[in-house]
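Values below: every heavy atom of this structure, side chains too, minus hydrogens, waters and symmetry copies. As the structure is a computational prediction, the values presented were derived from the model and not from experiment.
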Amino acid sequence: MLSPEISVIMPVHNGEKYLHGAVHSILNQSFSNFEFIIVDDGSTDHSSRIIHSFDDRRIRLISNGKKLGLTASLNKAMVCAKGKFIARMDSDDVSMPERLECQKNFMMQHPEIGVLGTGYQLIDPDGVPGMKKRFPSSSAVIKWRLCFENPIIHSTVMMRRDALA
């Protein structure tokens, strides 16, 4: 495998209900030079079995053994990440097929941007698309909104690895 340009990091704890769809949406991205670091945070359901059912060399599974929590799991994944960019994913979300490609291209065209988020669309338990939510794109507006709420949704984030130092 080439050195991955993107490291997708996804923690999972008892996520069997939506996990297959989440993993599938990342593995079927239009951009393929990524590693997919999945941290099983002490799941007691079939999450591990679901992850192992995918035969894809881009998947790197880290098993915590016991529940350490979201922050510790994300930190473990980021320490292992090799990509220039780090993309977040949640085990109950689905990414659009062009997500990684579009975000990487934007980051390449805008070297001044350290963290990039997007809007999202809700999907009901039956897979029916619902409401769309958009967020501000202006740096000044994002900074202002951070005083009141988080306008950056975790599972839409792509960030530069060097912005973490």
Side-chain angles (χ1 to χ4, degrees), residues 1-29 31-97 99-101 103-104 107 114-131 133 135 146 149-165:
M1 180 168 138
L2 299 170
S3 180
E5 285 187 75
I6 300 171
S7 296
V8 180
I9 61 173
M10 183 180 78
V12 60
H13 176 75
N14 292 341
E16 70 182 5
K17 185 171 183 180
Y18 301 109
L19 184 58
H20 187 275
V23 172
H24 190 264
S25 77
I26 294 298
L27 295 178
N28 289 303
Q29 290 289 303
F31 180 83
S32 62
N33 185 12
F34 63 86
E35 63 179 345
F36 191 7
I37 303 170
I38 303 173
V39 181
D40 184 354
D41 190 25
S43 294
T44 56
D45 65 359
H46 295 106
S47 293
S48 181
R49 184 182 310 165
I50 293 167
I51 296 163
H52 285 291
S53 73
F54 289 93
D55 182 24
D56 193 300
R57 60 182 171 68
R58 296 171 294 181
I59 293 177
R60 294 176 53 204
L61 177 61
I62 299 169
S63 295
N64 286 345
K66 65 177 183 173
K67 187 168 179 10
L68 300 178
L70 179 64
T71 303
S73 295
L74 288 173
N75 285 338
K76 276 180 121 174
M78 291 209 294
V79 166
C80 295
K82 298 175 183 170
K84 177 179 180 178
F85 301 106
I86 297 175
R88 270 282 281 116
M89 182 65 181
D90 283 333
S91 63
D92 62 348
D93 290 337
V94 175
S95 286
M96 298 299 288
R99 174 198 171 184
L100 297 179
E101 182 176 15
Q103 287 184 305
K104 181 195 79 85
M107 297 292 273
V115 177
L116 171 66
T118 70
Y120 64 87
Q121 183 172 19
L122 294 176
I123 302 172
D124 77 9
D126 296 320
V128 178
M131 177 192 83
K133 176 77 173 169
F135 290 94
L146 279 168
E149 65 180 343
N150 183 4
I152 303 169
I153 303 302
H154 273 232
S155 62
T156 72
V157 165
M158 181 176 283
M159 63 191 106
R160 292 181 192 283
R161 173 191 204 61
D162 58 11
L164 299 172

Short side-chain donor-acceptor distance under 3.5 Å, Ser47 and Asn14
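No, Ser47 and Asn14 have no side-chain donor paired with an acceptor closer than 3.5 Å.
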How far apart are the C-alpha atoms of Ile62 and Asp40, what are their side-chain angles, what is the distance that settles it, and do they pass the side-chain contact (heavy atoms from CB on, under 4.5 Å) test?
CA-CA 6 Å; Ile62 299 169; Asp40 184 354; over 6 Å; no
Side chain of [X], backbone of [Y]: donor and acceptor closer than 3.5 Å?
X	Y	value
Ser73	Pro11	no
Asp90	Asp93	no
Arg161	Ile86	no

Could you check if a side-chain atom of [X] sits within less than 4.5 angstrom of a side-chain atom of [Y], using non-hydrogen atoms only?
X	Y	value
His13	Asn64	no
Arg58	Ser32	yes
Ile38	Arg60	no

Lys104 with Glu5: basic N within carboxylate O range, under 4.0 Å:
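Yes, charged N to carboxylate O under 4.0 Å.
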Indicate yes or no: does Asp162 engage Arg160 in a salt bridge with an N to O separation below 4.0 Å.
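Looking at Asp162 and Arg160, the cut-off is not met.
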Kindly compute the distance separating CD1 (Ile50) from CD (Glu16), expressed to the nearest 0.5 Å.
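Result: 5.5 Å between the selected atoms.
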If you count every heavy atom of other residues, nucleotides or ligands that lies below 6.0 Å from Lys84 atom NZ, does the total exceed 12?
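No, NZ of Lys84 has 12 or fewer neighbouring heavy atoms, counting only those of other groups under 6.0 Å.
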Please name all residues satisfying side chain to side chain contact (heavy atoms under 4.5 Å, CB included) with Thr156, sequence neighbours left out, ordered by chain then number.
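Checked Thr156 against side chain to side chain contact (heavy atoms under 4.5 Å, CB included); matches are Thr118, Ile153.
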What closest approach, in Å, do Lys82 and Ser7 show between heavy atoms, and which atom pair accounts for it?
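The pair with the smallest heavy-atom distance is N-OG, 3.1 Å.
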Using 30° and 60° as the class boundaries, would you call the ring planes of His20 and His24 parallel, tilted or perpendicular?
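Because their plane-to-plane angle is under 30°, the rings of His20 and His24 count as parallel.
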